[in-house]
Colleague: 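Mind looking over this structure? Questions follow.
First the proteins, then the strands, lettered A, B, ... as listed; each starts at 1. Since we're looking at a predicted model, the values are computed, not measured.
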Amino acid sequence: MRYWLMKSEPEEFSIDDLVAAPKQSTAWIGVRNYQARNFMRDQMQLGDGVFFYHSSCPEPGIAGLAEVSAPAYPDATQFDKKSPYHDPKATRETPRWVHVDVKLVRKTRLVSLAELREHQELADMRVLARGNRLSITPIEPGEWKFITQKLMKL
DNA sequence: GCCAACGTTGGC
DNA sequence: GCCAACGTTGGC
């Protein structure tokens, strides 16, 4: 059982979209970064905890809790010539990109990036690091606990 | 809209 | 295999 932070641009797919989604679940398609892919492929397991993070928006931050609801499987958009996620080097025999499914646990108050930065306990979070661009990052159990219990009061 | 940081590409 | 150029991310 691990914990993760997964970024999504709310203009593309927000926590409210997840709330409204069929089965409150979504296929995390479109990741085209090897490090993020490897996390999904090699480490993410059913039931892992996920912070759903809003990025590239007026108030970036954690907007809800989710969990991994399906382990990694090939991303169909890599084979689709019409998709913005198409990868000409990927074949069905040797897919290059995979993704997990994620389902809602609960929407929470928005714990903003600015608020995360205020806490020494969270100083090592990857998402707070300068120049961080990775869309999926591991979260330490202590960080998960601090955010869900102390900040969200769950 | 700016720009720092970082990943990827491709020439050599 | 190096590394400059380029493209993208994402906070501000």
Side-chain angles (χ1 to χ4, degrees), chain A residues 2-21 25-44 48-68 71-140 142-144 146-148 150-152:
Chain A
R2 289 185 164 97
Y3 301 99
W4 306 94
L5 181 145
M6 300 177 79
K7 294 183 190 173
S8 183
E9 300 186 15
E11 285 198 9
E12 293 292 320
F13 192 85
S14 71
I15 190 71
D16 290 324
D17 293 324
L18 187 60
V19 169
S25 166
T26 191
W28 207 268
I29 56 166
V31 170
R32 294 294 181 269
N33 169 282
Y34 288 104
Q35 244 185 302
R37 178 203 67 182
N38 293 348
F39 283 140
M40 290 198 283
R41 187 188 64 190
D42 304 334
Q43 296 192 36
M44 292 178 85
D48 277 5
V50 173
F51 285 137
F52 190 104
Y53 180 93
H54 283 172
S55 66
S56 293
C57 59
E59 193 164 27
I62 297 168
L65 306 184
E67 66 179 40
V68 175
Y73 60 100
D75 183 336
T77 61
Q78 70 194 301
F79 311 123
D80 179 359
K81 286 202 175 69
K82 292 179 209 137
S83 168
Y85 300 125
H86 178 242
D87 183 346
K89 292 178 184 158
T91 66
R92 290 187 185 275
E93 292 70 34
T94 53
R96 176 176 298 203
W97 304 108
V98 299
H99 63 83
V100 298
D101 288 354
V102 162
K103 80 173 181 201
L104 182 74
V105 172
R106 63 197 298 174
K107 184 179 171 178
T108 64
R109 78 175 178 88
L110 189 106
V111 179
S112 71
L113 180 59
E115 183 178 351
L116 294 172
R117 288 193 195 286
E118 290 171 6
H119 300 283
Q120 185 56 41
E121 293 89 338
L122 305 176
D124 292 336
M125 284 178 71
R126 287 282 288 276
V127 76
L128 304 184
R130 241 169 92 80
N132 163 71
R133 298 190 314 178
L134 199 53
S135 66
I136 300 176
T137 53
I139 295 290
E140 295 303 318
E143 295 165 345
W144 180 271
F146 185 87
I147 292 167
T148 55
K150 291 254 167 49
L151 301 186
M152 295 173 170

Colleague: Return no unless some side-chain N or O of A/R133 is found under 4.0 Å from OP1 or OP2 of B/dT8.
Modeller: no
Colleague: B/dG7, C/dG10, C/dG11: which one has an atom nearest the side-chain heavy atoms of A/Q35?
Modeller: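 Ranking B/dG7, C/dG10, C/dG11 by closest atom to the A/Q35 side chain puts B/dG7 first.
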Colleague: May I ask you to say what A/R32 touches in the nucleic acid, namely base, sugar-phosphate or nothing, with a heavy-atom cut-off under 4.0 Å?
Modeller: nothing
Colleague: For A/T77 and A/D75, does a side-chain donor sit closer than 3.5 Å to a side-chain acceptor?
Modeller: yes
Colleague: Could you state the atom-to-atom distance from CZ of A/R126 to P of B/dC6 in whole Å?
Modeller: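 The answer, rounded to whole Å, is 10 Å.
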Colleague: Starting at atom CG of A/N33, determine the distance to atom P of B/dC6, rounded to an integer number of angstrom.
Modeller: 13 Å
Colleague: From the options C/dG10, C/dG11, B/dT9, select the nucleotide whose nearest atom is closest to the side chain of A/K7.
Modeller: C/dG10
Colleague: With A/W4, which of A/F52, A/F39, A/W144, A/F51 fulfils ring pair (Phe, Tyr, Trp, His ring centres under 6.0 Å)?
Modeller: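 Running ring pair (Phe, Tyr, Trp, His ring centres under 6.0 Å) over A/F52, A/F39, A/W144, A/F51 with A/W4 returns exactly one hit, A/F39.
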Colleague: Ignoring backbone atoms, establish whether A/Y34 has a side-chain N or O less than 4.0 Å from OP1 or OP2 of B/dC6.
Modeller: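 For B/dC6, OP1/OP2 do not have a side-chain N/O of A/Y34 under 4.0 Å.
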Colleague: Can you name the closest pair of heavy atoms from A/R117 and A/L128 and give their distance?
Modeller: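 In terms of heavy atoms, the two residues are closest at NH1-O, 3.0 Å.
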Colleague: Nearest whole angstrom, please: distance from the P of C/dG11 to the CD1 of A/I62.
Modeller: 12 Å
Colleague: Figure out the CD1/C1' separation between A/I136 and B/dG7, and round it to whole Å.
Modeller: 16 Å
Colleague: Please state how far atom NZ in A/K89 lies from atom P in B/dG10, giving the value in whole angstrom units.
Modeller: 6 Å
Colleague: Please report the distance, rounded to the nearest Å, between CG in A/N132 and P in C/dG11.
Modeller: 9 Å
Colleague: Could you pull out the closest heavy-atom pair between A/T137 and A/R126, with the gap in Å?
Modeller: CG2-CB, 3.6 Å
Colleague: In this structure, how many angstroms lie between the C1' atom of C/dC12 and the NE2 atom of A/H54, rounded?
Modeller: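 Rounding to the nearest Å, NE2 of A/H54 and C1' of C/dC12 are 19 Å apart.
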Colleague: Rounded to the nearest angstrom, tell me the gap between atom CG in A/L128 and atom C1' in C/dT9.
Modeller: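 Taking atom C1' of C/dT9 as the reference, CG of A/L128 is at 16 Å.
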